[in-house]
Amino acid sequence: MAENKTMKEYHGQIQEALHDEFLRKTLDKFAVEYKASRARIFEGIDVKELIHEVAEIKDNAAKHMSELYEQFKAEAEKRGVHVHLAKTAEDANRIISKIAKDTNCKNIIKSKSMTAEEIHLNTALEKDGFRVVETDLGEWIIQLRHEGPSHMVMPAIHLSRYQVSDLFSDVTKIKQGSDIQKLVKVARRELRAEYVNADMGISGANFAVAEAGVVGTCTNEGNLRLVTTLPRVHVIIAGLEKLIPTIDEALRCIQILPRNATAQAITSYVTWIAGANECAPGPDGRKEMHIVFLDNGRTKIAKDPLFGQVLRCVRCGACANVCPVYRLIGGHKMGYVYIGAVGLALTYLYHGADKARNLVQNCIGCESCKNVCSAGIDLPRITREIRSRLVKDEGNSTAGSVMSMVMKDRDRFHKLLKFIRFSQGPLTIKGGRFIRHLPAVLMGGDQSFRQLPALAPKSFRQLFDDVVQNPQNPRFRVAIFSGCAQDFIYPEQLVAAVKLLNKHGVAVDFPLKQTCCGLPLEMMGQRATSLQVSSQNIAAFEAGKYDAIITLCASCAGHLKNSYPELLAGTPDGHKAELFAAKIRDFSSFVYDDLGLTEDDFARTDEKVTYHSPCHMCRGLGVIKQPRALIDMAAQYVPAKEEDVCCGFGGTFSVKFPELSGEIVKKKLANSEATGASLLVTDCPGCVMQIRGAAEASGSKLRIEHMSELLARTMK
């Protein structure tokens, strides 16, 4: 588990994972197959509507957690069940240990439960003298290895058959082969005796239905039914968020849980437990049954308007399945107990800031988790909020303080950029387009996987008046939001856009008081300064009566459109933020949808062009069709594998975690080159910086351009 004292130690653990070839190969294969399988299993289903329904069901349950607990308790007790409420993890462990002592239990078997992992139940019971054996195949394997789960659904996905073979050889004292089915039989044989000799069975729950006092579970192995039926004492451990009002609502959630978790229409076993059943060794011929509900901060979390969303989580693990960082390093380095994007939040909320401090930095902000979440949890926003609270509670880092000081003052920020532009000469290479690699101490690590761009000789704000040629009777009047990269590094991308827009009857304005969108500040936890620059940008565009505010940076567009109203809600600028956000348009959508350009507007070339879909474009804005259609109007579009997977930039992420950023962009570049295209086009200057820099460093012949450059160059 990624429990670290320093960021240096965490980087060491990351390097260890990156050198695990089996882990890399397995997670890479799984990520590709999962996406295709999930798409197939959801065919014909309105996924967005189903996610919305599940979110409403879980939100409503969280609001009435106490009432649902009392209702469940009353119904379950009618069926001979003992119901307990544990305020803390320690309370839950103490209650379960006391049940075992009072019922003279010595041998305990368990089925997989993330809630039990959360409270470190096995460790507590073993400390009290009980023998505890996991019976889920993956959980048994990692228990024997003294590890935690690396995935919420597939806890041993990080291990090869050969590692398991060696492990089982040690356990059985007999040399085992590597055939998977035979290894499963070995596990089955070894565990049979545990079922027979067990005094207590402990299981988790997917749902606790208040109206009936019934517990529901979804599993793919038969071990849970043996755990819940054979021993004379059965204990269920469940978080309070598992409470749900009705069976109908539980069934609705089951329509998405297995589909999102393992791309199954339904799991092999859906089990409903309604009270203490018959059991010959039990008192009065019946099983003694207990249900322990765990609070551990849940009632407090439910009252938080943002963090309350995490209680929707159905533990499908999909946020890890699509995470580009998890795909590289697995759950032991991308989690503590809970893994993946939701694990970053749950670690902070359930186990404290010290366990989460490094983990929350290791989010690239690609929004894949939000896009796939069963219950629509805004995990990227929650991660940014945790970063902000850590800065507020623990103080600022040196880098954060410097960034905040510079960027809160637009004039100071722009003067610094001008100073860098004038002083970078001795550091530039390749005709002044790139700079030499700066020392790792300045960049947060080895950046040799890419060439870093130099600042342009002139910024876009200096070029604008010479470039713009607004029509007298424009079809639209728009303003350009440049973002930092295009204003000061790639002004040619904006120049190309202005020429195309002017050509097609659009009058373009460029408010000079605009500054950074603020997303880099959010990624660094600098909330106070982020709010300041948000208000500055809204004020910069407020006076103009624009039909649209166009940006050529997908990251800026997503932040301006989606985050500004959230950040400034309840402030004096809240309403202004909503009006401002409503006018934000990405360049490709505006050109395709509003200008309505067609093939007739371009001198189409035969050049093969592939596409990289920026994260904040395809997921943050939901723009998918327009860029590809535009490329095909101007050239020959050739799709690449995983076009919508992150390029590894993530702004400050690539500086903080260059070892991960470099591996992600290497895969992106390889997939793009495999198309046979000579040009890659994208809609984000950050992606241009990342992919072009990697192409330059690797000697690739693939050229990288912004969409605006391709369209302006091929325009009739």
Side-chain angles (χ1 to χ4, degrees), residues 460 463-464 466-482 486 490-510 546-554 557 561 583-614 617-618 621-640 643-644 672 675-685 687-688 691-692 702-716:
F460 177 70
L463 298 171
F464 178 73
D466 293 330
V467 171
V468 68
Q469 294 181 6
N470 286 332
Q472 290 185 347
N473 299 302
R475 296 168 59 191
F476 300 98
R477 185 166 179 265
V478 306
I480 292 285
F481 183 91
S482 65
Q486 285 173 323
Y490 303 124
E492 66 273 12
Q493 297 173 5
L494 293 171
V495 169
V498 171
K499 288 180 178 178
L500 184 142
L501 293 172
N502 283 168
K503 168 77 174 178
H504 292 280
V506 180
V508 181
D509 190 16
F510 183 75
Y546 305 117
D547 297 308
I549 299 171
I550 296 177
T551 178
L552 282 72
C553 175
K561 193 170 189 67
K583 291 189 176 183
I584 298 297
R585 298 295 307 279
D586 70 278
F587 174 75
S588 286
S589 292
F590 185 81
V591 171
Y592 185 83
D593 295 331
D594 295 83
L595 294 185
L597 299 193
T598 68
E599 282 189 19
D600 293 337
D601 295 298
F602 299 95
R604 192 174 189 271
T605 73
D606 292 330
E607 183 176 22
K608 291 183 178 180
V609 179
T610 193
Y611 182 63
H612 164 64
S613 184
M617 189 83 159
C618 60
L621 300 175
V623 176
I624 297 171
K625 171 187 174 183
Q626 296 91 327
R628 293 167 173 86
L630 288 171
I631 293 174
D632 215 33
M633 292 176 189
Q636 184 181 342
Y637 167 54
V638 285
E643 282 186 345
D644 61 348
S672 301
T675 65
S678 56
L679 175 66
L680 178 146
V681 166
T682 186
D683 281 281
C684 185
C687 299
V688 170
I691 304 172
R692 182 184 288 171
L702 187 67
R703 296 171 12 252
I704 320 296
E705 282 187 348
H706 191 278
M707 178 69 75
S708 64
E709 295 174 285
L710 171 67
L711 299 185
R713 179 163 46 81
T714 57
M715 180 176 58
K716 284 183 180 177

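For the numbers below, each heavy atom of this structure counts, side chains included, while hydrogens, waters and symmetry mates do not.
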Next on the checklist: With rounding to the nearest 0.5 angstrom, report the NZ to CG distance, K716 to D600.
Outcome noted: 5.5 Å
Next on the checklist: Determine whether D593 and R585 satisfy the following criterion, side-chain contact (heavy atoms from CB on, under 4.5 Å), listing intermediate values before the conclusion.
Outcome noted: CA-CA 10 Å; D593 295 331; R585 298 295 307 279; 4.0 Å; yes
Checklist entry - Which distance, rounded to the nearest 0.5 Å, do you find between the CG of L679 and the CG of L702? => result 7.0 Å
Checklist entry - Quick one: are M633 and T714 in side-chain contact, heavy atoms under 4.5 Å? => result no
Checklist entry - Atom CZ of F587 and atom CG of L494: how far apart are they, to the nearest 0.5 Å? => result 9.5 Å
Checklist outcome for this item: Taking every heavy atom of D632 against every heavy atom of R604, the minimum-distance pair comes out as O-NE, 2.7 Å
Item to check | Donor-acceptor under 3.5 Å (N470 side chain, V508 main chain) | outcome: yes
Item to check | Minimum heavy-atom distance between F602 and L711, given as atom pair plus value | outcome: CE2-O, 3.6 Å
Next on the checklist: Taking atom NZ as the centre, does K583 end up with more than 12 heavy-atom neighbours from other residues, nucleotides or ligands that are less than 6.0 angstrom away?
Outcome noted: yes
Checklist entry - Taking all atoms of both residues into account, what is the closest heavy-atom pair of C687 and H612, and its distance? => result SG-NE2, 3.4 Å
Checklist entry - If only atom types and distance count, is the side chain of K561 paired as donor or acceptor with the main-chain N or O of L621 below 3.5 Å? => result no
Checklist entry - Given side chains that start at C-beta, do those of D547 and D594 come closer than 4.5 Å, heavy atoms only? => result no
Checklist entry - When rounded to the nearest 0.5 angstrom, what is the spacing between CG in D606 and OG in S678? => result 11.0 Å
Checklist entry - At what distance, to the nearest 0.5 angstrom, does OH of Y490 lie from CD of E705? => result 12.5 Å
Checklist entry - According to the interplanar angle, ranging from 0 to 90°, do the rings of F510 and F464 count as parallel (below 30°), tilted (30 to 60°) or perpendicular (above 60°)? => result tilted
Item to check | R703 with E607: basic N within carboxylate O range, under 4.0 Å | outcome: yes
Item to check | Nearest atoms (heavy-atom pairs only) where T610 meets A640 | outcome: OG1-CB, 3.3 Å
Checklist entry - L501 versus L595: any side-chain heavy-atom pair under 4.5 Å? => result yes
Checklist outcome for this item: Shortest non-hydrogen pair, N502 vs Q469, comes out as OD1-N, 2.7 Å
Item to check | Side-chain (R692) to main-chain (I704) donor-acceptor, under 3.5 angstrom | outcome: yes
Checklist entry - Between R713 and T605, is any pair of side-chain heavy atoms under 4.5 Å apart? => result no
Item to check | Candidate pair Y611 and R628, rule side chain to side chain donor-acceptor pair (under 3.5 Å), full reasoning | outcome: CA-CA 7 Å; Y611 182 63; R628 293 167 173 86; 5.3 Å; no
Next on the checklist: Let me confirm one number: the CZ-NE2 distance from F476 to H504, rounded to the nearest 0.5 Å.
Outcome noted: 12.5 Å
Checklist entry - Between Y592 and L630, what is the shortest heavy-atom contact and its length? => result CD1-CD2, 4.1 Å
Item to check | Side chain proximity check, L552 to P685, heavy atoms < 4.5 angstrom | outcome: no
Next on the checklist: With a 3.5 Å distance limit and no angle check, can you tell me whether S708 reaches the backbone of Q493 through a side-chain donor-acceptor pair?
Outcome noted: yes
Checklist entry - Going through the checks in order, is the side-chain contact (heavy atoms from CB on, under 4.5 Å) test met by C684 and M617? => result CA-CA 8 Å; C684 185; M617 189 83 159; over 6 Å; no
